Amino acid sequence: AETKNRDTLEKFGRGTPDDWIERNVYARYSVAGIAIMMIVDFALFGFIGITIWAVQMLWIPFFAAGVINGIGHYWGYRTFQPEDASTNIVPWGVLIGGEELHNNHHAFATSAKLSNKWYELDIGWMYIRVLEMLGLAKVNRVAPVPRFTAPRLIPNLQTLQAVITHRYDVLAKYDQTLRRAERMRLADVLSKSRALHTVYSMRRELMALWERSTASKAELVSRLQDWCRRAEASGVRPLVEFSRRLRSYT
């Protein structure tokens with residue numbers, strides 16, 4: 001019924017072709033592909049083909065709704081730290097076209113490639129690359145990859161832009177700093193308590209760099225410079241090392 005609603009089609013169909021094949025084949029015969037697949041399954045496998053067809057029909061709805069929206073926000077590992085509970089279920093996105101790498105997808109929602117680490121596999125990206133090589137697809141964007149230069153003496157606008165662009169990667173690295181700070185062996189409990197308080201409070205200040213939309217670029221650069229100065233003057237070794245790494249983001 002909703003396919004007859006022009007507003008819905010324009011809202012959710014933006015960027016997809018409205019050409020002859022769309023109007024005369026897909027729209028007019030919307031169940032033809034499903035019916036043809038059932039006939040092909042039956043022709044190839046007999047009555048068991050109906051079962052195969054039923055599994056094919058349920059595969060994406062079941063995995064998308066049940067597995068991705070359920071398990072993909074509960075169990076797995078997190079490469080990035082977006083403001084949600086998304087997880088990568090397994091490193092190999094084969095069963096659901098790469099959506100198993102759901103944390104990567106939430107961190108960079110517009111990326112055509114869902115794999116990020118060298119050991120991750122996104123089978124959907126393989127299909128996209130094949131189509132691209134055949135001239136049948138064009139990749140608009142993929143997740144940005146952080147690069148590092150020699151640490152800048154003074155963080156500048158380029159540093160700020162890199163930190164904001166890679167904010168989920170920055171937070172993931174900062175959480176590693178938190179864990180290292182928690183494992184520190186200091187002379188007394190009070191010193192460790194102060195160090196941890198510093199690390200936790202400066203995490204909130206770092207996040208404010210990309211959360212304050214009203215501040216000018218110059219103000220944000222100044223805050224980043226001040227943040228790095230205070231981090232390196234804190235005497236908390238993991239925080240000092242993180243700040244120096246932050247200066248090299250590009």
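Just the heavy atoms: all of them, side chains too, but no hydrogens, waters or symmetry mates, feed the values below. None of the values given here were measured: they were computed from a predicted structure.
A salt bridge between Arg237 and Glu241 is present, with a side-chain N of the basic residue lying under 4.0 Å from a carboxylate O of the acidic one. Ion pairing between a basic and an acidic side chain is recognised when a charged N comes within 4.0 Å of a carboxylate O; Arg179 and Asp175 show no such pairing. Of the charged side-chain nitrogens involved, at least one lies within less than 4.0 Å of a carboxylate oxygen, so that Glu132 and Arg129 count as a salt-bridged pair.
In terms of modelled atom types and a separation under 3.5 Å, the side chain of Trp53 and the main chain of Ile34 share a donor-acceptor contact. Ser248 places a side-chain N or O within donor-acceptor distance of the main-chain N or O of Arg245, the cut-off being under 3.5 Å. The backbone N or O of Trp75 sits less than 3.5 Å from a side-chain atom of Thr87, completing a donor-acceptor pair. A donor-acceptor pair under 3.5 Å is formed between the side chain of Ser201 and the backbone N or O of Thr198. A distance-only check finds a donor-acceptor pair linking the side chain of Asn103 to the backbone of Ser86 [under 3.5 Å]. The backbone N or O of Arg23 sits nowhere less than 3.5 Å from a side-chain atom of Arg28 that would complete a donor-acceptor pair.
Counting heavy-atom neighbours within 6.0 Å of Glu10 CD, excluding the residue itself, gives a total above 12. In this structure, Phe47 places its CZ atom where only 12 or fewer heavy-atom neighbours from other residues, nucleotides or ligands lie under 6.0 Å away. When the shell of 6.0 Å around CG of Leu153 is examined, it contains 12 or fewer heavy atoms from other residues, nucleotides or ligands.
Under the 4.5 Å side-chain criterion, counting only non-hydrogen atoms from C-beta, Phe242 is in contact with Val170. Counting heavy atoms from C-beta on, the side chains of Thr51 and Asp41 never come closer than 4.5 Å. Side-chain contact check for Phe80 versus Asn104: some heavy-atom pair is nearer than 4.5 Å. Side chains of Met37 and Met57 form a contact here, defined as non-hydrogen atoms less than 4.5 Å apart. Looking only at side-chain heavy atoms (C-beta outward), His166 and Lys173 stay at 4.5 Å or farther from each other. Using a 4.5 Å heavy-atom cutoff, the side chains of Tyr174 and Leu239 are in contact. Put simply, the side chain of Phe45 does not reach to within 4.5 Å of the side chain of Ile50, judged on heavy atoms. Glu83 is listed as a side-chain neighbour of Glu211, based on a closest heavy-atom distance under 4.5 Å.
Nearest approach of Leu121 to Val94, heavy atoms of both residues: CD2-CG2, 3.9 Å. In this structure, Val139 and Ala112 approach most closely via the heavy-atom pair CG1-CB, 4.1 Å. Scanning all heavy atoms of the two residues, the minimum distance from Ala231 to Met202 falls at N-CE, 3.7 Å. The minimum heavy-atom distance linking Ala85 with Arg78 is given by the pair C-NH1, 3.3 Å. Of all non-hydrogen atoms in Leu209 and Ile164, the two that sit nearest each other are O-CD1, 4.3 Å. Counting all heavy atoms, side chain and backbone alike, Ala195 lies closest to Val236 at CB-CG2, 3.8 Å.
With rounding to the nearest 0.5 angstrom, the CD1 atom of Ile154 is 9.0 Å from the CG atom of Asn156. Atom CH2 of residue Trp210 and atom CG of residue Leu160 lie 10.0 Å apart, to the nearest 0.5 angstrom. Interatomic distance, Glu99 CD to Asn88 CG, rounded to the nearest 0.5 Å: 10.5 Å. Remark: Thr79 OG1 to Tyr168 OH distance equals 14.0 Å, nearest 0.5 Å. In this structure, CD1 in Ile60 is found 9.5 Å from CG in Leu95, a value given to the nearest 0.5 Å. Of the inter-residue distances, the one linking Trp125 atom CH2 with Leu114 atom CG reads 10.0 Å to the nearest 0.5 angstrom.
Residues Val142 and Trp118 do not share a hydrophobic cluster, defined by chaining ILVMFWY side chains whose heavy atoms lie under 4.5 Å apart. Val240 and Val163 end up in different hydrophobic clusters when Ile, Leu, Val, Met, Phe, Trp and Tyr side chains are linked at under 4.5 Å. Criterion: ILVMFWY side-chain heavy atoms under 4.5 Å apart, direct or through other members. Under it, Met207 and Leu246 are part of a common hydrophobic cluster. No continuous path of hydrophobic side-chain contacts links Val40 to Tyr29 [ILVMFWY only; heavy atoms under 4.5 Å]. Cluster annotation: Ile123 is connected to Trp92 through the hydrophobic network of ILVMFWY side chains, with a link wherever side-chain heavy atoms come within less than 4.5 Å.
Using cut-offs of 30° and 60° on the angle between ring planes, the pair Phe148 and Tyr249 is perpendicular. In this pair, His102 and His73 present their aromatic rings perpendicular. The plane angle is above 60°, beyond the 30 to 60° band.
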